[in-house]
Amino acid sequence: MARFDAQASIKIILGWIAVFLVRLFPWRPANMEPILATMMPFAKQYGPSGAFIFGAMSIALFDAVVGKIGQWTAITALAYGLVGIGGWYFLKNRMPGALTWTTYGVIGTLAYDALTGLTVGPLMFGQSFREAFIGQIPFTLMHLASTVTLSLTLSPAIHRWVTTNNALELSSVQSRLAHAVH
């Protein structure tokens, strides 16, 4: 496991760009969420602190950029951070691959939807727990379909081309830039 430090900064930024691009897609269903699929390779590579920071900041930065910071930002950021920590525990002794990413993707999605879908409505908007639970079912089913798709496609790509790519370490990029300038 690599350290989550300045050397990983370019990789982190690339991960956040991937998240932003998918989340900003104009006709994307609200529950087609790339954060977990992108976060899992970061959890595998950078441990619980890296996973927590990546997940929580993905929410906070996006909400800040699109001007939609609210009470839910703290709840959803914390939830993604916690799901990221869970991802590290699940992934730390497993080989990365489509089945591994997809298995935790399903677990993480169910945990995230339970943490957020069953709390935000009742706590912030006066919704009954029963209404929140029933309303969450179709949302979670669509969220799971999205997660499976992105876990099979985006997670392996992020793992291969970003988190384990030594050419994207800050020192490596700086060295190439220095050689290009001279």
Side-chain angles (χ1 to χ4, degrees), residues 4 12 15-16 18-44 46-94 96 98-155 158:
F4 192 72
I12 296 161
W16 284 331
V19 167
F20 272 60
L21 289 176
V22 173
R23 290 188 82 197
L24 289 172
F25 189 74
W27 298 287
R28 173 188 69 87
N31 50 358
M32 182 177 177
E33 192 56 67
I35 295 172
L36 180 56
T38 305
M39 181 173 55
M40 288 187 291
F42 282 90
K44 177 75 175 162
Y46 297 113
S49 62
F52 183 88
I53 292 167
F54 186 87
M57 291 304 294
S58 293
I59 292 290
L61 290 172
F62 186 84
D63 284 5
V65 168
V66 299
K68 294 191 178 191
I69 289 183
Q71 297 170 341
W72 53 83
T73 302
I75 292 171
T76 56
L78 178 62
Y80 262 121
L82 293 173
V83 169
I85 291 170
W88 177 75
Y89 281 105
F90 181 86
L91 299 164
K92 70 178 180 176
N93 295 321
R94 289 181 169 84
L99 181 60
T100 304
W101 302 129
T102 303
T103 301
Y104 187 72
V106 168
I107 294 167
T109 297
L110 292 173
Y112 175 81
D113 283 4
L115 286 169
T116 59
L118 301 178
T119 59
V120 173
L123 293 175
M124 292 185 183
F125 303 110
Q127 186 179 35
S128 75
F129 181 80
R130 183 176 188 271
E131 289 173 323
F133 181 79
I134 291 170
Q136 191 64 36
I137 293 170
F139 183 90
T140 297
L141 291 173
M142 290 174 37
H143 196 178
L144 285 168
S146 163
T147 296
V148 168
T149 301
L150 293 172
S151 295
L152 291 169
T153 56
L154 186 59
S155 296
I158 294 289

Looking at side-chain heavy atoms only, is the closest gap between Thr38 and Ser58 below 4.5 Å? no
After noting the C-alpha distance and the side-chain angles of Leu118 and Phe133, does the key distance pass the side chain to side chain contact (heavy atoms under 4.5 Å, CB included) rule? CA-CA 6 Å; Leu118 301 178; Phe133 181 79; 4.1 Å; yes
Roughly how far apart are Tyr112 OH and Ile35 CD1, rounded to 0.5 Å? 6.5 Å
Rounded distance (nearest 0.5 Å) linking atom OG1 of Thr119 with atom CD of Gln127: 10.5 Å
Value for OH (Tyr80) from CD (Glu33), rounded to nearest 0.5 Å, stands at 4.0 Å
Restricting to non-hydrogen atoms, name the atom on Met124 and the atom on Trp72 that form the minimum distance, rounded to 0.1 Å. CE-N, 3.7 Å
With sequence neighbours left out, write down each residue that passes side chain to side chain contact (heavy atoms under 4.5 Å, CB included) with Val106, or none if nothing qualifies. Leu110, Leu144, Val148
Quick check: do Leu78 and Leu115 have side-chain heavy atoms less than 4.5 Å from each other? no
So Val19 and Phe62, side chain to side chain contact (heavy atoms under 4.5 Å, CB included) or not? Walk me through it. CA-CA 9 Å; Val19 167; Phe62 186 84; 5.7 Å; no
Nearest 0.5 angstrom please: Ile12 CD1 to Phe54 CZ, how far? 8.5 Å
Could you grab the distance from atom CE of Met40 to atom OG1 of Thr103, nearest 0.5 Å is fine? 9.5 Å
Where is the tightest heavy-atom contact between Leu36 and Gly105, given as atom of each residue plus distance? CD2-O, 3.3 Å
What distance do Ile59 atom CD1 and Ile75 atom CD1 have between them, rounded to the nearest 0.5 Å? 12.0 Å
For residues 81-91, which side-chain N or O atoms pair as donor and acceptor with protein atoms under 3.5 Å away, sequence neighbours left out?
none

Exercise: identify the closest heavy-atom pair between Gly117 and Ala132: O-CB, 3.7 Å
For Phe139, which residues count as a ring pair (Phe, Tyr, Trp, His ring centres under 6.0 Å) partner, sequence neighbours excluded? His143
Passes side chain to side chain contact (heavy atoms under 4.5 Å, CB included), Trp101 versus Leu154? Steps please. CA-CA 10 Å; Trp101 302 129; Leu154 186 59; over 6 Å; no
Please report the shortest heavy-atom distance between Ala43 and Ala51, naming the atom on each side. CB-CB, 3.5 Å
Please answer whether the main-chain N or O of Pro96 pairs with a side-chain N or O of Thr100 as donor and acceptor at a distance below 3.5 Å. no
Quick check: closest heavy atoms across Ala37 and Ser151, and the distance to 0.1 Å? CB-N, 4.1 Å
Exactly one candidate in Thr140, Thr147, Asn31 meets side-chain hydrogen bond (donor to acceptor under 3.5 Å, both in side chains) with Asp113; the answer is Thr140
